[in-house]
Amino acid sequence: MTLNASRRNFLQHASAFSALGAAAPLGINLSLMNSAVAQTTSDYKALVCVFLLGGSDTANVVLPTDSDSWGRYIAARNVGSAPIALAPVGASASGPLGSLSALGGVLPIGPKTAQAFPAGTRGTGARSFALHPSLSRMQGLFNSGQLAVVPNVGSLTSPTTKAQYTSRLWKVPKALFSHSDQQNQWQTGVPENAPYGWAGLMGDLFASGNSTPGFTSIATATASILVSGRTVNRYQVGYDYARKTAAAPINYTTRFPFLFQNSVASVVPVVTRGGSNSLIAKDYASIVARSMQTEQVLNSALSGSTVAPPGSYTNPIDGRQSSNLIATQLHAVAQFIQARSQFGIKRQVFYVGIFGFDTHSNQLAVQTGLMAQLDHALGYFYDTLKQGLGTDMTNNVTTFTMSDFGRTLATNGDGTDHGWGSHQFVMGGAVKGGDFYNQFPTIGIDLVGFDNPDAISGGVLIPTVAVSQYAATLGAWFGVAPGDLKNIFPTLGNFNQTNLGFMA
Amino acid sequence: MNTVSKLKMLSSGLVIALASCGGGTSKTGTSAPTSAASNPVVAAAPAPVPPTENEASRFLTQATYGATDAEIASVMAMGYAGWIDDQIATAPSSKQMPYLVMRNKQGGDGMESLGEAFLRQAAMGPDQLRLRMTFALSHIFVISGVDGQVGYRSAPMAGYWDTLHASALGNFRTLLETVSMHPEMGLYLSSWLSDKGNAQTGQQPDENFAREVMQLMTIGIYKLNPDGSRQLDGLGNPIAAYSHDDVAGLAKVFTGYYFYSPNPNEQTWGNYCFGCLPIFDFDILPMSAYPNHHSTLEKTFLGTTIPASTAPDPTGDLKIALDTLFNHPNTGPFIARRLIKQFVTSNPSPAYIKRVAAVFADNGSGTRGDLAAVIKAILLDREARDAAFIQDPTFGKLREPMLRLTGWMRAFEAVSQTQVKNGPDGAGYLTHRLDSNDRFSQQPLFAPSVFDFWRADFSPPNSLLSAQGLEAPEFQIVDELSLTGYMNTIGGVVRDGVGPTPLNAKYADIHTEYPKETALATDEVKLVARVNKMLMAGQMSDALRQDLVTAVKQVDIPAGSSITADQINEALKLRVHVAVYLTMISPEYLAQR
């Protein structure tokens with residue numbers, strides 16, 4: 001299948017629709033697929049990405065608490081004008097509300113599989129770990145086996161050691177440390193900028209098995225590429241649960257009713273026809289057509305939704321309750337999952353995203369608020385999947401986090417700078433939770449007398465698991481065949497382990 | 001028009017035409033379109049024929065917040081170059097910050113007041129070219145009120161806008177320095193209060209501004225050729241313009257800066273003093289250097305090394321760093337491309353970029369970074385002016401939402417009732433928040449991140465554009481939700497105006513009765529022709545024109561002895577609403593060419 005052929009098909013269908021006007025049948029296949037790759041599935045599976053935009057400082061999210069690691073963590077972070085170090089396990093939440101000491105200590109977690117001490121860290125036996133103090137729901141989900149941690153994952157072209165990186169002769173991903181480029185690489189699974197998202201490419205493979213392929217790929221946050229495929233379009237919905245509407249209807253009928261009463265035909269072409277040879281106009285018209293075609297069916301389906309919206313979350317720093325920008329998006333996702341049968345959907349990919357993780361300054365307060373939202377949101381979503389949809393969907397839906405990059409272990413006084421490797425979470429009933437799926441690295445900044453084999457200057461982690469391995473593991477669970485995974489992730493073959501094993 | 005400006009017009013027209021001779025005509029990675037883009041015949045120096053109305057309208061769509069009858073007449077009288085020279089000589093319009101201070105005292109919502117200040121300048125500002133350049137620069141030198149620390153105080157944000165405005169047609173080196181030292185930028189990209197490192201603890205300078213000033217504001221990620229194309233290594237891979245070491249080196253330069261203080265000392269470092277200074281001064285005056293907090297280590301970046309020193313020298317280090325960025329061979333083509341994309345087309349030819357970058361390097365008098373010369377070169381270039389490009393499928397840009405709104409205001413002379421009541425120095429152009437997905441998805445100075453509302457190299461996935469390797473940055477905010485938000489919002493704007501409805505008023509604050517269009521509305525062909533001229537520079541397809549005529553005709557004009565003049569006028573206005581509304585939601589209009 002060539003790109004141009006599929007574009008032509010798309011446009012033919014889009015224009016066929018526009019000629020029919022608003023009464024067009026809603027089952028039109030917006031994302032025509034080569035039937036040869038149609039998958040036969042009778043079940044439902046969804047991948048839900050929660051993207052933490054800006055580069056999450058995961059050195060404060062998953063922490064090794066052995067004395068050697070903790071000592072170097074404190075040495076690096078309990079300094080500067082506004083220290084960003086968290087309190088140790090067991091520290092009491094002693095301060096008054098509004099103070100950082102109200103947070104309490106980091107929350108212990110025990111991976112099922114003993115983590116060995118890496119080369120740069122002294123210690124015997126198994127290493128111990130903890131989560132950020134705001135992640136109490138996630139601590140519970142980890143300990144009960146629904147949440148896994150993948151340590152030190154990042155964009156990689158091939159396995160890379162510190163010596164190779166510092167030699168400057170080794171091929172490393174393009175534009176490391178750049179927000180836009182690293183977001184692209186996490187979302188495409190390609191260590192140089194690519195035009196299609198890996199989840200979108202997986203959607204391409206399954207769209208023909210969906211009765212309404214236009215709903216294969218859904219984004220609640222804007223401007224992402226993760227769920228855009230070669231043929232599958234990202235369908236953008238809103239998540240303002242106060243309005244409850246997930247799609248926006250074009251309601252010119254309310255202001256200019258006569259335009260519809262008298263002659264629909266004179267209006268629809270105006271907005272769905274490129275009208276000139278301009279590619280910009282034609283592409284814009286395609287999205288208008290798609291929007292008009294889908295919003296009615298979507299809104300009528302979702303208007304019957306019984307999914308309970310999330311409540312507000314409490315910011316531990318100031319005690320204030322606010323609406324949770326991650327949870328409201330996951331509420332929209334849950335409504336789609338509930339409506340899966342109405343749309344005849346077997347496989348679906350979702351993109352949820354939230355800004356604010358670029359914590360160069362004021363990190364302790366900002367990150368704490370964000371972690372509280374993440375914890376509340378994942379807890380809400382898990383509960384909703386378990387009990388809020390009529391059927392327990394936890395085994396069918398896998399939720400995972402991604403972020404531009406991790407950050408420096410070094411502080412800049414009150415925040416951290418752009419890094420590389422980071423620790424990410426995977427949640428769901430099909431996840432082999434309660435465990436870590438990579439060696440947790442040595443933590444520490446290179447100073448006189450210490451040379452961290454896993455990190456470069458400022459304590460920036462060199463990833464030991466590639467985004468492509470992380471994503472391919474999710475893809476294998478989703479049902480993508482090994483050969484297709486190699487097509488989606490062209491550098492996957494550079495790594496020995498193509499499945500990290502965190503999915504059942 | 002005086003003789004001097006006539007001569008300028010002639011000479012600059014000639015220079016541009018000559019510069020285009022022999023320039024490359026192929027576009028990167030795409031087959032050359034079958035149009036004048038690859039046709040060198042038009043390169044001969046054209047006689048300075050006065051622009052037609054539609055040509056003037058097209059020019060003004062690129063160069064201003066939108067065409068008006070008065071400006072169309074000016075461009076036709078002065079010619080393009082004469083109009084640009086006249087604009088460069090026009091005094092800057094009044095600043096935004098005093099307006100924000102006034103509105104804050106009145107208890108206004110800061111974000112809304114920033115929108116008011118923007119719309120007010122767009123509607124009333126006589127220095128349209130400088131204002132439009134300010135808007136373009138706000139897409140490159142991004143600060144955003146989405147960041148709580150920045151958005152907390154709106155008046156200094158307006159002060160930042162005024163800083164861009166002050167240098168918009170000045171020199172890029174000055175602009176770069178005023179932006180780098182502006183406390184709002186310091187706050188947004190955290191160079192504010194960035195301390196020198198500490199070798200014992202590993203504490204490092206904040207790298208945020210150092211990285212983004214290179215990536216987004218001056219040189220970009222890859223080494224560029226003079227025509228903006230990427231330099232490639234022997235394997236065909238682009239060559240990085242800087243490494244992480246360069247970022248770390250440059251970050252040391254931007255240490256030891258904090259809010260202005262008349263007497264910076266250890267007590268004022270990190271403790272700004274409300275009430276010590278006239279209100280807001282410390283928010284907009286260049287940041288003060290705190291030598292004790294400035295790194296004295298060796299600073300190596302982009303091939304330049306500032307040796308380690310015993311005495312900290314923040315001012316000297318800053319000069320070396322900014323000179324290095326300013327004189328970097330990437331900066332000309334990088335800024336040329338960014339500005340062309342803001343004003344003319346998302347996919348300029350390498351030759352176009354090269355011609356503009358050459359003017360950035362030397363304005364003809366040996367001066368580098370003359371932004372007035374740069375914008376003149378952008379707007380007078382044949383790729384911007386030659387009508388043959390209108391037919392090129394790859395030419396043009398998606399109109400950004402704010403320019404759709406300002407274009408409507410200006411074309412149809414929508415005015416603020418509050419402004420009329422309060423006079424030019426009073427409150428006016430009241431607006432609601434403009435940014436949300438169910439409205440315009442854009443509010444100046446409120447981009448989601450330092451990467452702006454859209455990445456300059458964004459290409460919409462799975463599109464005709466991306467299939468040809470073409471970029472369309474503004475598409476990054478186009479989706480099912482935002483486009484319906486726009487279509488619904490603009491319907492209300494066209495009919496009822498924009499902004500809150502003042503007490504006892506019938507319409508929203510910014511409103512028009514469309515007097516000129518209503519006068520034509522009995523004749524649907526003439527009505528559509530006028531809308532076509534004002535909003536689309538006469539570029540409507542026959543099909544769109546016919547659809548509009550058909551739609552307008554659906555509004556009957558009542559007749560008979562019992563019909564009042566008001567009833568007739570209402571029907572005529574409704575005809576205008578239909579024509580303007582349908583035009584503004586048509587993809588043809590949205591693709592500015």
Side-chain angles (χ1 to χ4, degrees), chain A residues 3-4 7 75-76 79-81 175 177-180 195-196 222-223 225 228 230 233 235-238 247-252 255-256 258-259 262-263 266 269-271 274-285 287-288 290-291 355 360-361 410-413 415 417-418 445 447 458, chain B residues 190 193-195 201-208 211 215 221 244 270 391 393-394 396 398 437-438 448-449 451 455 459-467 470 472 476-481 483-485 487-488 491-492 495 541 543-544 547 550-551 554 578 581-582 585-588 590-591 593:
Chain A
L3 179 63
N4 287 336
R7 284 301 311 179
V79 296
S81 59
F177 311 104
S178 154
H179 287 296
S180 52
Y196 308 110
T222 57
I225 193 172
S228 295
R230 278 196 173 80
N233 288 296
Y235 187 79
Q236 188 75 44
V237 295
I250 297 170
N251 61 4
Y252 34 43
R255 288 205 171 85
F256 301 102
F258 60 91
L259 289 178
N262 295 350
S263 173
S266 72
V270 166
V271 293
S276 64
N277 67 355
S278 161
L279 299 182
I280 291 172
K282 287 179 179 175
D283 278 337
Y284 194 94
I287 307 175
V288 175
R290 197 163 80 217
S291 179
F355 279 99
H360 287 278
S361 61
T411 176
N412 60 35
D417 288 281
H418 301 186
I445 307 171
L447 295 168
Chain B
S190 56
L193 218 52
S194 175
D195 212 336
T201 65
Q203 182 177 332
Q204 299 178 332
D206 192 306
E207 296 174 350
N208 201 7
R211 178 184 309 284
Q215 180 171 342
I221 285 187
H244 183 242
Q391 302 309 318
T394 70
L398 184 69
N437 252 333
D438 59 1
S449 81
F451 289 85
R455 290 177 50 173
S459 181
N462 192 6
S463 65
L464 298 173
L465 287 159
S466 63
L470 298 169
Q476 195 168 351
I477 59 165
V478 174
D479 54 52
E480 290 83 351
L481 205 63
L483 69 81
T484 50
M487 289 167 83
N488 294 338
R495 199 184 69 173
S541 68
L544 178 58
D547 280 341
T550 306
Q554 289 176 36
V578 168
Y581 170 59
L582 291 181
I585 60 174
S586 72
E588 285 181 49
L590 293 163
R593 302 173 92 182

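Lettering of chains follows the sequences in order, A, B, ..., and the numbering in each one begins at 1.
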With a 4.5 angstrom heavy-atom cut-off, could you sort out which part of [X] is near chain A: side chain, backbone, both or neither?
{"X": "B:Ile221", "value": "side chain"}
{"X": "B:Ser459", "value": "neither"}
{"X": "B:Pro448", "value": "both"}
{"X": "B:Gln215", "value": "side chain"}

Is there a donor-acceptor pair under 3.5 Å between the side chain of [X] and the backbone N or O of [Y]?
{"X": "B:Asn208", "Y": "A:His360", "result": "no"}
{"X": "B:Thr484", "Y": "B:Glu480", "result": "yes"}
{"X": "A:Asn277", "Y": "B:Gln391", "result": "yes"}

>> Quick check: do B:Asp206 and A:Asp417 have side-chain heavy atoms less than 4.5 Å from each other?
In response: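 Yes, at least one pair of side-chain atoms sits under 4.5 Å.
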> Is there a side-chain contact between B:His244 and A:His418 (heavy atoms, below 4.5 Å)?
Replying inline: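 Not in contact.
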> What option among A:Ser180, A:Ser361, A:Ser81, A:Ser276 has the most heavy-atom pairs under 4.5 Å with chain B?
Replying inline: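 Among the listed options, the one with the most contacts to chain B is A:Ser180.
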> Which of the residues A:Ser278, A:Ala175, A:Ala410, A:Gly274 is involved in the greatest number of heavy-atom pairs with chain B at under 4.5 angstrom?
Replying inline: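 Highest number of heavy-atom pairs under 4.5 Å: A:Ser278.
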>> Heavy-atom cut-off 4.5 Å, strictly under: side chain, backbone, both or neither for A:Ala285 against chain B?
In response: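 Answer is both: backbone and side chain atoms of A:Ala285 are under 4.5 Å from chain B.
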> What part of A:Phe355 lies closer than 4.5 angstrom to a heavy atom of chain B: side chain, backbone, both or neither?
Replying inline: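 Contact with chain B involves the side chain of A:Phe355 alone.
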> If you measure from CD1 on A:Ile445 to OG1 on A:Thr411, what distance do you get to the nearest 0.5 Å?
Replying inline: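 Between atom CD1 of A:Ile445 and atom OG1 of A:Thr411 there are 8.5 Å.
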> Atom CG in B:Leu483, atom OG in A:Ser291: separation rounded to 0.5 Å?
Replying inline: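 B:Leu483 CG to A:Ser291 OG: 5.0 Å, rounded to 0.5 Å.
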>> With chain A as the partner, which of B:Pro587, B:Ser190, B:Ala591 has the greatest number of non-hydrogen pairs under 4.5 Å?
In response: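 Among B:Pro587, B:Ser190, B:Ala591, the one with the most close pairs to chain A is B:Pro587.
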